[in-house]
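To start, the structure itself, in structure tokens.
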Amino acid sequence: MSVDARPQDEANSLTTTSASESPAFSWTAPSPWVRAWTVRNLPLRRLLPDQEPEYVSSGLYVMGVLTLAAFIVVIISGVVLAVGGVQWWHHSTLGALMNSVHFWGVQAFFLFMAVHALFNFFIMAWRGGRGFTWVTGVLAFLLAVVTAFTGFLMLTNWDGQYVGQQAKDAFNAMGVGAVWNVMDVGQQFTMHVVVTAGLLGFIVMVHLGQVRRRGVAPPPGAEALEVPDELAADDLPTSRHHKSPEAAAAAPEADQHREQVEP
Amino acid sequence: MSPKKQPIRHWTGSERSYDLIFEGTLAVLIVAVLVVAAAVVFGSANGGLSYPGGPPSQAGDSFTAKYWATSPVPDAQGNNDPNGGAADFATTVVAELGGTSVTAKYGPPFNETSGSSQTIGRVSLTGVAHSLFGLTLPINTANDFVLAPLTQIVAPYDPTVAAAVKTYKAAGGSLKEGVSADQLVSDQQNKWLTAYSDALGKGKVANGTITVAPGDYGPVPVIVQAELSIALNGSLDGYLLGSSSQINTNPTDATMFYSDGTVWSQVAAGQGITGSQWGVMNELWNFPGQFWLILYAIPYHIPAIASSPAADLWVGTLLVIVGMLLQLLLPWIPGLRSIPRLIPFYKIIYRKYYASRAASS
């Protein structure tokens, strides 16, 4: 059977659910359940969009992607440093450069992330069911702090030695020091390169998935222009590009969705 | 079967063209160029133990007993005493033997010394962890830092030191890992150490030799002199940073010992990285450090917290409440979530959108 001749259901099976794919969970047939959830929550048009709301025009919106870009630079330089070994950067010009790239990458990462967080606070980005997006963003920040901290602990020089010796008091006071010895360089190496960086990478992926899934919050006062996809697909005009706000706001279905300040 | 309701929402207003891949790639390239440029121009801090007025130090250097014992220390008149580090080292060795050092009196997870853990009211998280996990990093300062190194490094080749160590051990004092400070010394050992400590304060250290007035110090002078000698020739560092299984990535014992002396803090202060110098968020010299820890650093500068014996616990508790829970749950906390409506920066951010909407209507 040629591709063109495929039934609609089969043609859409990779990108949408079908009647034969029950969304109910089943231990014996988990794949349709997972696929149905994924398709409903992470449609490709959201993961790889070619359109964004017109209000997403401020340069401040770029802070998120700049944070991600800095994270990528940090990961690449970190992998090179890890391959060289923990003391490589002390006696190699390339190693020292990589350490500097890693260092300034982290500075950029936190700078962009701080602006990104403040921006999203002041636009109340948690509106419209985006509370979990906010939570994953804060978790990413907290994990980034721990990841950067463990990086300072594995410098294998006086700097790392002193940071660990000072930090142990806070860790011990909080009861954490009994299992997490910040003066143990070997433990900090695995914590930094595997545990905290791995968790950070995971939570960043979840955060990105949430951002793509929910989209960015509309400007305060324009929440009514955001409607469930079902309505957009079934009840609203098919062409959603460059449509005036007034036309959309006039849609009776949209009136049911009043301003949502709470997440 | 009814179609599953879509959980995501859709913007029905105006849109603009957007290319996620292009924007992402461009962002990575721009940030990479900026970061590499900063790396080339500014480099990164790796100054070893260098500080104004301090002894020379190479990139990558860390603190060692040899550096400690050879380091000059300002005297009462502010002049650098070239033997000050050796004197500080000898004083610290006496404190480790007598159970009066910071490490000996630290409590869990290093030893069973009680009353030193930080508490708020009756709550001690250190105590909770101690109950759950036991003593996870046991240290006996007298044996681990002094007697054991001398027994392994010096005693086999020096009968005088071997006899001194044997006499000292025979006088009592527990050699068990993690015992409380008061069990580290017997009454006899304490008499020797107290007398020697007084004499050391009035004595002289020059060219690696300790000279004190005659007195009843038992084997202590031989032990302290031998410990200073192996610090000066670097073999004590080899012992503290080594392990019975050859490879060691855990310098905890050495760090705890080194930080009991005053030279340790002297280097940190010289580099401007102590707590009172905002060292929590500063890198040495003029490099930016962990500026994102500013919320963690500020409480340490609040007098009521800074002067509290439980400062770390107070700061840690504040950090959990303010730095973690309030941030995480902010969208659900009345008042806090409304701050952006009281300070409506969003009207500036979306001014073009609001203007176009007003014009349309």
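Just so we're on the same page: letters track the sequence lines, and every chain starts at 1.
- Atom OG1 of B/T252 and atom CE of A/M183 lie 4.5 Å apart (nearest 0.5 Å).
- Once rounded to the nearest 0.5 Å, the distance linking CG of A/L153 with CD of A/Q187 reads 9.5 Å.
- There is no contact between A/F71 and chain B, counting heavy-atom distances below 4.5 Å.
- Only the backbone of A/L47 comes within less than 4.5 Å of a heavy atom of chain B; no side-chain atom from C-beta onward does.
- Residue contact with chain B, scored on non-hydrogen atoms closer than 4.5 Å, is absent for A/A114.
- No hydrogens or angles considered: a donor-acceptor pair under 3.5 Å links the side chains of B/Y106 and A/N172.
- Proximity to chain A is limited to the side chain of B/Q271, based on heavy atoms less than 4.5 angstrom apart.
- Heavy atoms of A/S58 lying under 4.5 Å from chain B belong exclusively to its side chain.
- Using a 4.5 Å cut-off between heavy atoms, B/F63 contacts chain A through both its backbone and its side chain.
- Contact of A/F189 with chain B is not made at all, since no heavy-atom distance falls under 4.5 Å.
- For A/Y55, the parts sitting under 4.5 Å from any heavy atom of chain B are the backbone and the side chain alike.
- For A/V182, no part lies near chain B; criterion is any non-hydrogen pair under 4.5 Å.
- Of the two parts of B/L336, only the backbone, made up of N, CA, C and O, holds a non-hydrogen atom closer than 4.5 Å to a non-hydrogen atom of chain A.
- For A/L142, the part lying near chain B is the side chain, with the backbone staying farther off; criterion is any non-hydrogen pair under 4.5 Å.
- For a residue to count as touching a neighbouring chain, one of its non-hydrogen atoms must lie under 4.5 Å from one of that chain's; by this rule B/T126 touches chain A with backbone and side chain alike.
- Within the 4.5 angstrom heavy-atom criterion, only side-chain atoms of A/F112, from C-beta onward, approach chain B.
- Two rings, from A/F119 and A/Y61, have their centers less than 6.0 Å apart.
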Run the side-chain donor-acceptor check on residues 23-40 of chain B: report pairs under 3.5 Å with partners two or more places apart or on a different chain.
from: B/T25; atom 1: OG1; to: B/I21; atom 2: O; distance (Å): 2.7

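- Judged purely by distance below 3.5 Å, without hydrogens or angles, the side chains of A/Q107 and B/W292 never pair a donor atom with an acceptor atom.
- With a 4.5 angstrom heavy-atom cutoff, A/A96 touches chain B only via backbone atoms.
- Aromatic rings of B/W68 and B/F257 (six-membered ring for Trp) have centroids within the 6.0 Å cut-off, being under it.
- Both the backbone and the side chain of B/T274 come within less than 4.5 Å of a heavy atom in chain A.
- With a 4.5 Å cut-off on non-hydrogen atoms, B/L137 touches chain A through its side chain but not through its backbone.
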key: Steps toward salt bridge (charged side-chain N to carboxylate O under 4.0 Å, His left out) verdict (A/E226, A/R130)   = CA-CA 13 Å; A/E226 195 180 49; A/R130 295 173 175 87; 2.3 Å; yes
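- Summarising the geometry, atom CD belonging to A/Q165 is positioned 7.0 Å from atom OG belonging to B/S265; distances are rounded to the nearest 0.5 Å.
- Residue B/Y300 touches chain A through its side chain alone, counting heavy-atom pairs closer than 4.5 Å.
- Aromatic ring centroids of A/F149 and B/Y296 lie 6.0 Å or more apart.
- For B/V320, the part lying near chain A is the side chain, with the backbone staying farther off; criterion is any non-hydrogen pair under 4.5 Å.
- For chain A, no part of B/W314 is nearby; none of its heavy atoms comes within less than 4.5 Å.
- Contact of A/D159 with chain B is made through the side chain alone, with heavy-atom distances under 4.5 Å.
- The part of B/L293 that comes within reach of chain A is its side chain, from C-beta onward, which places non-hydrogen atoms under 4.5 angstrom from that chain.
- Side-chain atoms of A/E52 and A/S57, non-hydrogen and from C-beta on, never get closer than 4.5 Å to each other.
- Between the side chain of B/D260 and the main chain of B/T103, a donor-acceptor pair closer than 3.5 Å is present.
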